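Each residue takes its place number in the sequence, starting with 1. Bear in mind that the values here come from a model prediction, so they are computed numbers and not experimental data.
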Amino acid sequence: MTPAGGDKAGIAAELDRARARTLALLDAVDEADQRAQHSPLMSPMVWDLAHIGNYEELWLLRAIDGRPAIDETLDDLYNAFEHPRWERPLLPILGPTEARAYDARVRAAVLDLLHDPGTDISGDAPDRLLRHGFVYGMVIQHEHQHDETLLATHQLMEARALTPPGAVATTASTGCDPIGPLPEMVRVDGGPSSMGTSHDPWAYDNEREAHEVELAPFHID
């Protein structure tokens with residue numbers, strides 16, 4: 001499975017679609033809010049922005065093409081395993097303008113390499129990362145995950161939060177209820193359920209293999 005239909009143009013379109021969403025979430029707030037940490041549970045928004053670019057550089061330029069780092073110091077600053085979220089505002093991270101410039105530089109190089117005739121994304125590609133465009137799907141998925149994190153950060157701004165582009169206004173932001181009262185939570189009886197996958201190529205290591213679990217009864221919205 002290759003992102004968006006299995007060709008290079010489809011991959012490029014999905015990369016662009018994810019980036020447009022990321023930048024829209026950042027552009028919805030001013031520079032001070034992009035730099036701020038709105039909750040110790042979350043990074044500053046601008047940390048996520050540059051981390052997305054660093055991850056893309058690591059996998060789509062350096063792992064695929066063996067290129068040197070654009071700036072080796074960024075590997076440490078944007079290493080999520082080395083720096084917990086509460087610590088990230090204390091790091092000398094890139095500002096909004098610098099992060100955008102870095103991401104744009106990485107993306108331009110990524111697209112040039114993607115469209116190079118020597119970049120083989122077929123099912124027979126000698127590089128396992130490139131087979132069926134796997135590594136591109138991984139990077140696209142990573143950016144979408146950080147978009148979810150950015151959206152959660154918006155919500156944690158509470159009264160100061162802006163409605164992100166494409167979102168539907170709710171009671172909290174408009175003072176009215178456009179859809180009426182919400183239903184009560186429903187009870188799910190639980191029981192045996194299959195968790196994980198043995199086949200989906202986009203799953204994480206800790207989501208493999210498919211296995212049966214026993215769920216206790218629970219309630220859900």
Side-chain angles (χ1 to χ4, degrees), residues 1-4 14-15 17-30 33-52 55 78-89 134 136-221:
M1 167 179 165
T2 309
E14 286 301 301
L15 286 165
R17 187 171 73 90
R19 184 56 45 81
R21 180 61 172 164
T22 301
L23 294 178
L25 288 166
L26 269 291
D27 291 342
V29 297
D30 62 24
D33 276 332
Q34 292 177 43
R35 292 177 179 271
Q37 185 177 43
H38 300 285
S39 164
L41 299 174
M42 296 296 178
S43 311
M45 292 184 186
V46 75
W47 186 94
D48 286 276
L49 179 62
H51 168 77
I52 287 167
Y55 187 91
Y78 297 102
N79 186 328
F81 296 103
E82 293 295 329
H83 300 292
R85 288 177 175 175
W86 64 264
E87 180 184 300
R88 294 170 191 173
F134 173 82
Y136 292 98
M138 184 181 77
V139 167
I140 292 165
Q141 182 185 57
H142 175 261
E143 184 154 358
H144 284 311
Q145 289 170 332
H146 276 273
D147 287 348
E148 291 180 6
T149 302
L150 290 168
L151 184 56
T153 304
H154 272 270
Q155 293 168 335
L156 287 167
M157 293 172 68
E158 297 181 340
R160 296 175 51 248
L162 299 178
T163 302
V168 177
T170 63
T171 304
S173 59
T174 65
C176 63
D177 189 344
I179 61 174
L182 296 175
E184 297 295 324
M185 296 180 74
V186 297
R187 175 186 166 89
V188 178
D189 290 335
S193 177
S194 179
M195 179 176 287
T197 180
S198 299
H199 307 291
D200 192 321
W202 311 114
Y204 285 116
D205 292 347
N206 62 2
E207 295 173 313
R208 304 176 186 276
E209 299 284 331
H211 58 285
E212 291 291 314
V213 296
E214 187 71 24
L215 293 178
F218 61 94
H219 288 80
I220 191 169
D221 281 325

Name all residues meeting the salt bridge (charged side-chain N to carboxylate O under 4.0 Å, His left out) criterion together with [X]; count only those two or more places apart in sequence or in a different chain, and write none if there are none.
{"X": "Arg19", "answer": "Glu56, Glu143"}
{"X": "Asp221", "answer": "none"}
{"X": "Arg85", "answer": "none"}

Between side-chain atoms of residues 206-218 and protein atoms elsewhere (two or more places apart, or another chain), which donor-acceptor pairs fall under 3.5 Å?
residue: Glu207; atom: OE1; partner: Tyr204; partner atom: N; Å: 2.6
residue: Arg208; atom: NH1; partner: Asp200; partner atom: O; Å: 3.4
residue: Arg208; atom: NH2; partner: Asp200; partner atom: O; Å: 2.9
residue: Arg208; atom: NH2; partner: Ala203; partner atom: O; Å: 3.4
residue: Glu209; atom: OE1; partner: Ser198; partner atom: OG; Å: 2.9
residue: His211; atom: ND1; partner: Met195; partner atom: O; Å: 3.3
residue: His211; atom: ND1; partner: Glu209; partner atom: O; Å: 2.9

Report the residues that fulfil side-chain contact (heavy atoms from CB on, under 4.5 Å) with Arg17, sequence neighbours left out, ordered by chain and then residue number.
-> Glu14, His144
With His219 via side-chain contact (heavy atoms from CB on, under 4.5 Å) - residues at least two apart =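 Only Met185, Arg187 meet the side-chain contact (heavy atoms from CB on, under 4.5 Å) criterion with His219.
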[X] [atom1] to [Y] [atom2] distance, which is reported to the nearest 0.5 Å:
{"X": "Leu41", "Y": "Thr149", "atom1": "CG", "atom2": "OG1", "result": "11.5 Å"}
{"X": "Thr153", "Y": "Gln34", "atom1": "OG1", "atom2": "CD", "result": "12.0 Å"}
{"X": "Ile52", "Y": "Leu150", "atom1": "CD1", "atom2": "CG", "result": "6.0 Å"}

What pairs with His146 under ring-ring contact (aromatic ring centres under 6.0 Å, His included), at least two apart in sequence or on another chain?
-> His51, His142
Side chain to side chain donor-acceptor pair (under 3.5 Å) partners of [X], counting only residues at least two apart:
{"X": "Ser43", "answer": "Arg88"}
{"X": "Glu87", "answer": "His83"}
{"X": "Asn79", "answer": "none"}

How about Met42 and Trp47: do any of their side-chain heavy atoms sit closer than 4.5 Å?
->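 Met42 vs Trp47: side chains apart.
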Can you tell if the side chain of His154 reaches within under 4.5 Å of the side chain of Met45, non-hydrogen atoms only?
->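 Touching, per the 4.5 Å side-chain cut-off.
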Which heavy atom in Gln37 sits nearest to a heavy atom in Trp86, and how many Å separate them?
-> NE2-CA, 3.6 Å
For the side chain of His38 and the backbone of Asp33, is there at least one donor-acceptor N/O pair under 3.5 Å apart?
->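 Side chain of His38 to backbone of Asp33: a pair is present.
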